[in-house]
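Note that the structure is predicted; figures quoted are calculated from it, not measured. All chains are named by letter (A, B, ...) in the order of the sequence lines, taking the proteins before the strands, and each is independently numbered beginning at 1.
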Amino acid sequence: MSKLILVDGNSIAYRAFYALPLLTNSSGVYTNAVYGFAMMLMKIIEEEKPTHMLVAFDAGKTTFRHESYQEYKGTRQKTPGELAEQLPLVQELLHAFQVPTYELANYEADDIIGTLAKECGPQGVETLIVSGDKDLLQLVDEHVELLLTRKGVTETERYDVQAIRDKYGLSPLQIIDLKGLMGDSSDNIPGIPGVGEKTALKLLAQYPSVEEVIAHVDELPGKKLQEKVREHQEQALLSKKLATIYTKVPLEFGLEALQLPERDPERIAEFFKKMEFKTLLSRIGKQDQAAGKTGQTATSDVTVREVTSVSELVEAQEIFDQDTLALFVEATEDNPHRAEVIGLSVSDGETQLYLPYSLVEESEFVRDWLMDPKRHKLVYDLKKTQIVLANKGIEVAGLSFDVLLAAYLLDPSESQMELSDIIARYGKEPIPSDDEVYGKGAKRKVPTGEALARHLAAKSKAIYQVAPTLKQELTDTDLDELMFGLEMPLSSVLADMERQGVHIDKDRLEELGVELKHSLDRLEQEIYELAGTTFNINSHKQLGEILFDKLGLPVLKKTKTGYSTSADVLEKLAPQHEIVEKILHYRQVGKLYSTYIEGLKKEIGPDGKIHTRFNQTVTATGRLSSTEPNLQNIPIRMEEGRRIRQVFIPSEPGWHILAADYSQIELRVLAHIAEDEQLQKAFKEDKDIHTQTAMDVFGVAEDEVTSLMRRQAKAVNFGIVYGISGFGLARGLDIAQKEAREFIDRYFETYPGVKRYMDSIVEQARRDGYVATLSGRRRYLPSINAKNFGERSFAERTAMNTPIQGTAADIIKLAMVKLARAMKERNLASRMLLQVHDELIFEVPEAELEEMKDLVVAVMEDALPLSVPLKVDVNVGETWYEAK
DNA sequence: TCGTTCACG
DNA sequence: ACGTACGTGAACGAC
C-alpha cells in the first residue's frame, strides 16, 4: 500500500532554526536549520517508511489571500538572514535525499499540501502531514493524519480525527472556525478581539461554526461578548476565510511524481560532509552497514595490541615513556561500587594497548605508572576511574583531564554524555556506543578477546583525540578555571565520599519498616471499608474511579490520561469525604515504606554502608545529583518521614554526625548579583528574610507581621528565585492570579535592584544565547527567542533562576574542595559523607568536634566572598536525625 | 517506556 | 489570551 508524507517545508525549517543554537561550520556558513531539518527528515523516513513524499514551500510574498486582506501575515517579522541563507541548503539536502520539492506562485505550502492530501486520500493512500502549524489540523480526516512538531525538531505529536476531538472537542473542519473566532497573531488574522482559545472553544461547543455563533449572537453569555461578536462579525467571517486552506490548487502532477526512489547513501554522505554534519554522517554509515549486516560503527582503522603476558608487556612498554597517554578503564557495570575491573587500554593517538586486568595485577610496572602523578592520564569519567581502581588498592594519580567533565561544562544541558556521543559532537572519528558493542539491558554482555580489545582501544584513542579540542574550547569559553580549579578536584573529593559511604543502622531500619507496614495495612483496610470495595490504591486509574465515579467527588483537575489524584487536589477534597484523608496518609506512608525502607535496604552493602553515587554531569544548573540510592531526598519536612534519618549513623563507635547548612544561600546570592541595596541590607543585618520581606512588602512593623503575611512573603521569595510569574505564585499560595501579581509588583517596588536584574538577565540571555553563574558556568537557552509563548517563558524563567541556583552550587562545591584540602592538611580523621545542595554532612570523632565545627563554618562561609555575608548553621547528633 | 506522583533543595 | 513556578530521582501502574 502507498504511504504519502507531505512536509510543510517552511514551517519545519523555522522550527529547526529556532530549536537549535546558531551553528556554523568551519567556513562560517550557518547550518542549524539544515541540521534540524535533516534530523527530522531522517527520523520521519526511518519511522514512517513512506513510499511517496513531497516537501512543499511557500512561494514569494503575496498569495491569493492578500487579495481579500492586504494585512495578511502583516505582522510577521522578516525571515532572519541567518535562516534565509539556509533555505537553499535545505533544498540541496532534499535533493540529496531525492525527495521531491514544490512551490507555486500565489499559493502557500498549506494549500499545496491540502490539495494533495484531499486528492490522494480517497485513492486509498495513507497520508501523513508534517508541520509545526496547528492550522493544518483542518486537513485531518480518515485517510490523513498530522504530525505536529512539539519541542525541538524531533519531538512530535500525532493527530487523527479522534485525537483532535479529545484535545479540542472539535472536528477537524471546526479548527477553521476556531481560528475565525480567536484569530492568529502570527498570521495577523484578527478574529474577534477579546476572544481567545478558551472562549472560542466554549462557543463552538454550543454553536458549531462561526456562522452559527453569529446567528445566535443574542443567546451568547455576557453582554460584552455579544457586543464584540456583533461588532466584529464581518472580521470573524473574513478570518475564517483566511484560515481556510485551499484544496483546489491547480497542480500539474499526480501521486506518481512523488514516488521516493531508493536512497543513495553516497549522495547524502557527500552533502553531510560538505555541511560538516559528523553525527549524521556516522548515522548514515551505521544504517548502511546495518543493511550490510555488521550493525556496528566501524573501528577497523584502530590498531590495537592486546597484551596478555608480562613478557609481551615488556616488549610494548615503551609507550609508557610518554608524558601523556589516554587511559580507559572498563568495569563490569555502571555502578563503580559494585563493579569489577575488566581491563584497561591506553593510547598515544597512534598505538593502542589493551591489558586485561589480570595482567595489571601481575605487573608492578603498570601499577606504578597508574599511581605516578607525573605520568599524565587523559580519561573519560575521572571519578569512576578513581573509584574502581581504588577498590583494587590502586590509588591512581596524574589524572590530568576528564573528557566527560569537559563536555558537561561546555554544555550542561546536553543529556547524551557517553563517550561515543561526545566524540560525535566534537567532530572526531565516530566510535561505536557501549550499547552497540555490549547490548542493552538484560542482554548486556561484555565480550572477551579481540572484540573487547578493539572497543576499548577505540575509546582510549578517541579520548586522546578529542581531549585537545575540548581543552581549547574550555579556554575559549573561559571555563578552564572551573574545570581545573573546581570540577576536577571535586571529582576526587566525591570519589572519596562515595567510597567512604554512610553507615546504616539496620535494626532501626527494620523497626521503622515494621511500624510503617502496620500503619499501611491498617489504612488499607479502613480505605476499603469506606470505599465499600477493595482496589489498588496505588493505581491512579482505579483510585480515580472510586473517588470520582463511585463516590461522586467533584473533578477539580484532570491529567492527560484521566483524573488527577495528586495531593493538592486531594487536600481540597478532604472535607467532603473522610476517605480522602486516609488516602493521603496511605500515600505518604506507602512512599516512606517502598522508597525509603525497602529502597534503602536494597542498597546496603556487605560493609553495612550505603554508597550513593554523586553525579557531577547531570544537572543543567551545576548542582550535583545523587542516585542508587538518592540520598539528597531523604524526608525531613514531616516528622513521620523524618525519622528515616535515624538510620544514618557514624561508622565508628563514639563518633558523631555533623551537619552544616547554608542559611538562605540562594537569596543571599540574589542580593549579591542583583546588587539590590535593600535586600543586601537585610542580610548584612542578619534579619529573618521572610519577615523582613513581609515588612517591606506590606509596609508594616516587625511586630505587625502576621503568620499569614510571613507565609506569603516566603512564597514570594521562592517565586523570585524560580523566575517569578503571577500564575506560579498564585498556585503556590492558592490565591487569585491578580492578587499574586500585586504581590510581585509590590516586591519589585521594594527591591528595585531585583527587578533590574530580572530584566537584564533575560535581555542578556537573548543577546548571548546563554546565562552564566558567578564563576562563569554557562547554560545555553536556545528557546529564549522562541515564538511559542510557553517555550519562551520557560527559557526566561530559567534565565532568571540558573545564575542563582548555579552560583549557589558553585559556592558549595568550592567549599567542599577547600574543606577536603584543609582536613587533609590538619590530618583530621573526620570524613565528609554527603552533600545535599546547601548542606554538608560529616562523621566526626569526639576529639575533633570543636575543631571541625569551626573549620567547616569558616571554610563554607568564606568559600566565595560576596557583598553579603554567607551564614552557616552547624548541628551535631548521634544520627542524621539528631543533627538538626 | 511513559506518565503520574512525591521525596528533597 | 497565552500557560508555567526552578532543579533533581525513584516507585508504581498502564501500555
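- Donor-acceptor pairing under 3.5 Å is lacking for the side chains of Y662(A) and E839(A).
- The residue I804(A) sits apart from the nucleic acid: no heavy atom pair falls under 4.0 Å.
- A donor atom on one side chain and an acceptor atom on the other are not found under 3.5 Å apart for E628(A) and T612(A).
- A residue-by-residue look at H837(A) and V195(A) shows that V195(A) has its nearest nucleotide of DNA chain C further toward the 5' end.
- The phosphate of dC6(B) has OP1 or OP2 within less than 4.0 Å of a side-chain N or O from R587(A).
- One can place CD1 of I665(A) at 18 Å from P of dG7(C), the figure rounded to the nearest angstrom.
- Side-chain contact between Q646(A) and E882(A) is absent, with no heavy-atom pair separated by less than 4.5 Å.
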- Using a 4.0 Å heavy-atom cut-off, write out nucleotides 9-15 of chain C from 5' to 3' as B (base contacted by protein), S (sugar-phosphate only) or - (no contact). BBSSSS-

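- The nucleotide whose nearest atom lies closest to any side-chain atom of R779(A) is, among dG3(C), dC6(B), dG7(C), dG7(C).
- Side-chain to base pairing of S725(A) with dT4(C): one donor and one acceptor N or O lie within less than 3.5 Å of each other.
- Residue contacts shown for G719(A) include a base, since a base heavy atom lies under 4.0 Å away.
- Nucleotides dA5(C) and dC6(B), compared at atom P, are 15 Å apart to the nearest Å.
- One interatomic measurement links the two molecules: CG of L834(A) to C1' of dT8(C), which rounds to 16 Å at whole-angstrom precision.
- Atom name C1', nucleotides dA7(B) and dC2(C): the rounded distance is 32 Å, in whole Å.
- Here A799(A) lies out of heavy-atom contact (under 4.0 Å) with every strand.
- Contact annotation: T621(A) does not reach the phosphate of dG7(C) (side-chain N/O to OP1 or OP2, under 4.0 Å).
- Residues Q805(A) and E666(A) bring no donor and acceptor atom of their side chains to less than 3.5 Å of each other.
- Among the atoms of the strands shown, only primed sugar atoms or phosphate atoms (P, OP1, OP2) are found under 4.0 Å from some heavy atom of A620(A).
- Within the 4.0 angstrom heavy-atom criterion, base atoms lie near F789(A).
- Distance from the side chain of Y722(A) is smallest for dC6(C) among the nucleotides dC6(C), dG7(C), dC8(B).
- Distances from the side chain of F727(A) to the nucleotides dT4(C), dT5(B), dG3(B) place dT4(C) closest.
- No engagement by V721(A) is indicated, since no non-hydrogen atom pair under 4.0 Å with the nucleic acid exists.
- When each of dG7(C), dA5(C), dC8(B) is scored by its nearest atom to the side-chain atoms of L729(A), the top-ranked nucleotide is dA5(C).
- The NZ-C1' distance, from K884(A) to dC8(B), rounds to 17 Å in whole Å.
- Residue R623(A) is in base contact, counting any heavy-atom pair closer than 4.0 Å across all strands shown.
- Across all strands shown, dC2(C) remains unpaired; no Watson-Crick or G-U wobble contact has both distances below 3.5 Å.
- Residue-level contact check: R637(A) touches the bases, meaning some heavy atom is under 4.0 Å from a base atom.
- Using a 4.0 Å heavy-atom cutoff across all strands shown, A808(A) reaches no nucleic acid atom at all.
- Contact of Q632(A) with dC8(B) (side chain to base): no donor-acceptor pair of N or O atoms is detected under 3.5 Å.
- Taking the six-membered ring for Trp, F743(A) and Y747(A) have ring centres at least 6.0 Å apart.
- For I812(A) and dC8(B), the CD1 to C1' distance is 14 Å, given to the nearest whole Å.
- Checking dT4(C), dT8(C), dC6(B) against every side-chain atom of T619(A), the shortest atom distance belongs to dT8(C).
- For Y770(A), the side-chain hydrogen bond (donor to acceptor under 3.5 Å, both in side chains) criterion is met by R778(A), not counting sequence neighbours.
- A donor-acceptor contact under 3.5 angstrom links the side chains of R587(A) and T565(A), judged on distance only.
- Within the nucleic acid shown, L592(A) has no heavy atom closer than 4.0 Å to any nucleic acid atom.
- Between the side chains of S566(A) and D568(A), at least one donor-acceptor pair of N or O atoms lies under 3.5 Å.
- With dT4(C), dC6(C), dT8(C) as the candidates, the nucleotide lying closest to the side chain of T798(A) is dC6(C).
- Contact annotation: R797(A) does not reach the phosphate of dA5(C) (side-chain N/O to OP1 or OP2, under 4.0 Å).
- A donor-acceptor contact closer than 3.5 angstrom links the side chains of H585(A) and E640(A).
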